[in-house]
There are 2 protein chains.
Amino acid sequence: MEVILSRKEQIEQTATALFKNRGFSATSMRDLANQLGIEAASIYSHIKSKEEILQRVCFRMANEFFEAIDQADVHTASASERLQAAITAHVQVLTKNTEASAVFLHEWRHLSEPHHAEFLALRNRYEEHFREIIREGIKAGEFKVPDEKFAVLTILSALNWIHTWYKPEGKMNAEEIAANLATMLLNGLKQT
Amino acid sequence: MEVILSRKEQIEQTATALFKNRGFSATSMRDLANQLGIEAASIYSHIKSKEEILQRVCFRMANEFFEAIDQADVHTASASERLQAAITAHVQVLTKNTEASAVFLHEWRHLSEPHHAEFLALRNRYEEHFREIIREGIKAGEFKVPDEKFAVLTILSALNWIHTWYKPEGKMNAEEIAANLATMLLNGLKQT
DNA sequence: TAGGCAACCTAACGTTCGTTAGCAAATTTT
DNA sequence: AAAATTTGCTAACGAACGTTAGGTTGCCTA
């Protein structure tokens, strides 16, 4: 089941892999061209600038993350269930596209204005979704948390290292990883 | 209580701040010189190369982290107590030097060989300290964890975002942060 | 007071960078 | 068959890069 990619998508995909491994700044257009088997100047038949690639990856992934948690959310469920669903959705996106996720998580700071500010606003809105769940959990007496912002950042931080090691052929699949992380974050390490 | 810094230390400190904010590759020697109020060439009276700065920061921080968890470790304590002590020590180092920590955590991949490999070996040895505690906790029936490596990386990942927001004048001090994180990781979010 | 050294300078090196201009071939669309 | 689009090329641009060479100044010490 090979998906046919346009040349532009090929460039984006190859660039994503390089951005993940060496970082945006340390990846030259000549590196990218070399990887594609063409000349650097040829890339400019398809894209306007190096940063355009970064922008496309960052905002496409932002969309993916939003769609995933929106679809997974069931407003009538308990806070614990909603949090577990959000964690699972987040992990699904992370594992389905580890390279783009790495770029999304680490390289966004090389965006120029106004994209940089726009990206941060999106990220904040995404985190707000989690904060809202935590708030609900606190109000319902389900969660005991010192600070909701603190809790959300800890949770997301605990999830966002997956891209560094996840391999589709590894011993844990995305669902198992999500389940283990949700259990750890909700119940802790301690035997109960 | 102003600490007097040698010029070399000043360069290292200023470079660390720039490396944190823009990344190693996106920071030029002319940027650094500008920040110091001198010419780029003048920096080479004090250091041998741009990478030397990165090496010094990375390996100095590695040392700091090792010393902190070694000092904090009490072998006779329970696994929970040992883990809490390790988390506290780790957070103390992170908060005491947020800029150098950011470089240590993110910029090490720009080290050239053999320093790159040496760094990874050190990091693995550091993580092994945590793995050992987790193993002990599992054996003693204290912890319930799907995979010890998985647990350690989740813990460290949850800790290592602190440098992005911690400010000494903030409402939580290092001890409170460490305590909150240890509670969250050991007991989970759920009210018990 | 002479020597040494720390600190910084100007000038420049060779290289790499992102990008543009202008053109050619192949493929697809009309 | 003609026209338009896609995909690539060579050549080159100006700018920025890390770094070196060689010199000047001012302070500290013998």
Side-chain angles (χ1 to χ4, degrees), chain A residues 2-59 103 106-116, chain B residues 2-59 103 106-116:
Chain A
E2 275 294 308
V3 180
I4 293 174
L5 296 180
S6 73
R7 204 59 171 123
K8 185 163 181 173
E9 286 165 334
Q10 272 181 51
I11 290 170
E12 197 175 300
Q13 202 173 77
T14 307
T16 302
L18 289 173
F19 290 172
K20 171 178 178 173
N21 292 327
R22 317 187 196 177
F24 176 75
S25 303
T27 303
S28 74
M29 293 303 279
R30 285 166 177 89
D31 284 344
L32 173 55
N34 201 46
Q35 198 77 193
L36 289 160
I38 60 176
E39 293 297 317
S42 305
I43 298 173
Y44 288 85
S45 299
H46 306 277
I47 58 150
K48 261 177 35 209
S49 69
K50 185 185 174 187
E51 204 198 300
E52 195 204 27
I53 305 176
L54 182 62
Q55 285 165 23
R56 289 172 60 91
V57 175
C58 286
F59 288 99
V103 174
H106 299 307
E107 305 301 326
W108 56 268
R109 62 193 177 128
H110 296 109
L111 291 169
S112 61
E113 297 301 347
H115 309 97
H116 184 266
Chain B
E2 274 294 309
V3 180
I4 293 174
L5 295 180
S6 73
R7 205 59 170 123
K8 185 163 182 174
E9 286 165 334
Q10 272 181 49
I11 290 171
E12 197 176 301
Q13 202 173 76
T14 308
T16 302
L18 289 172
F19 290 172
K20 171 178 178 172
N21 292 327
R22 318 188 196 175
F24 177 75
S25 303
T27 303
S28 73
M29 294 303 279
R30 284 166 177 86
D31 284 344
L32 173 56
N34 202 45
Q35 198 76 194
L36 289 161
I38 59 175
E39 293 297 318
S42 305
I43 299 173
Y44 289 84
S45 299
H46 306 277
I47 57 150
K48 260 176 35 208
S49 70
K50 185 185 175 187
E51 205 197 301
E52 195 204 26
I53 306 176
L54 182 61
Q55 285 163 23
R56 290 172 60 92
V57 176
C58 286
F59 288 98
V103 173
H106 298 306
E107 305 301 327
W108 56 267
R109 61 195 179 127
H110 296 109
L111 291 169
S112 61
E113 297 299 349
H115 309 97
H116 184 265

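All figures in this text were calculated on a predicted structure; none of them were measured in a lab. Each chain gets a letter, A, B and so on, in the order its sequence line appears, and its residues count up from 1.
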(message) I want to check a possible cation-pi pair here: B/Lys50 against B/Phe24, using under 6.0 Å from ring centre and within 45° of the ring axis as the test.
(response) yes
(message) According to side chain to side chain contact (heavy atoms under 4.5 Å, CB included), who are the partners of B/Gln35, at least two apart in sequence or on a separate chain?
(response) B/Thr14, B/Leu18
(message) My understanding is that only residues two or more places apart in sequence, or in another chain, count here; which of them pass salt bridge (charged side-chain N to carboxylate O under 4.0 Å, His left out) with A/Arg22?
(response) A/Asp31
(request) Indicate for each nucleotide in nucleotides 6-17 of chain C, in 5' to 3' sequence, whether protein heavy atoms under 4.0 Å reach the base (B), only the sugar-phosphate (S), or nothing (-). (result) -SBBBBB----B
(request) Would you please name every residue forming a side-chain hydrogen bond (donor to acceptor under 3.5 Å, both in side chains) with B/His106, sequence neighbours left out? (result) B/His163
(request) Please state how far atom CD in A/Glu51 lies from atom P in C/dG18, giving the value in whole angstrom units. (result) 12 Å
(message) I'd like to check the salt bridge (charged side-chain N to carboxylate O under 4.0 Å, His left out) partners of B/Arg109; sequence neighbours left out, ordered by chain and number.
(response) A/Glu107
(request) Only counting residues at least two apart or in another chain, list the ones meeting salt bridge (charged side-chain N to carboxylate O under 4.0 Å, His left out) with A/Arg30. (result) none
(message) Rounded to the nearest 0.5 Å, what separates atom CD1 in B/Ile43 from atom CZ in B/Arg7?
(response) 9.0 Å
(message) Of all nucleotides in DNA chain D that come within under 4.0 Å of a heavy atom of chain A, which is furthest toward the 5' end and which toward the 3' end?
(response) D/dT7 to D/dA12
(request) If the plane angle is over 60° it's perpendicular, under 30° parallel, otherwise tilted; pick one for B/His116 and B/Trp108. (result) tilted
(request) Mind checking salt bridge (charged side-chain N to carboxylate O under 4.0 Å, His left out) for A/Glu12 and listing every partner two or more places apart, or none if nothing turns up? (result) A/Arg56, A/Arg60
(message) According to side chain to side chain contact (heavy atoms under 4.5 Å, CB included), who are the partners of B/Ser49, at least two apart in sequence or on a separate chain?
(response) B/Glu51, B/Glu52
(message) Taking salt bridge (Lys or Arg N to Asp or Glu O under 4.0 Å) as the cut-off, I'd like each qualifying pair that reaches into residues 33-48 of chain B, sequence neighbours left out, listed once.
(response) none
(request) Determine whether B/Asn21 and B/Thr27 make a side-chain contact, defined as any pair of heavy atoms from C-beta on separated by less than 4.5 Å. (result) no
(request) For nucleotides 25-30 of chain C, just jot down a letter per nucleotide in 5' to 3' order: B, S or -, based on protein non-hydrogen atoms under 4.0 Å. (result) ------
(message) If the helix axis at each end comes from five base pairs, how far does the helix from C/dG4-D/dC27 to C/dT30-D/dA1 deviate from straight, to 10°?
(response) 10°
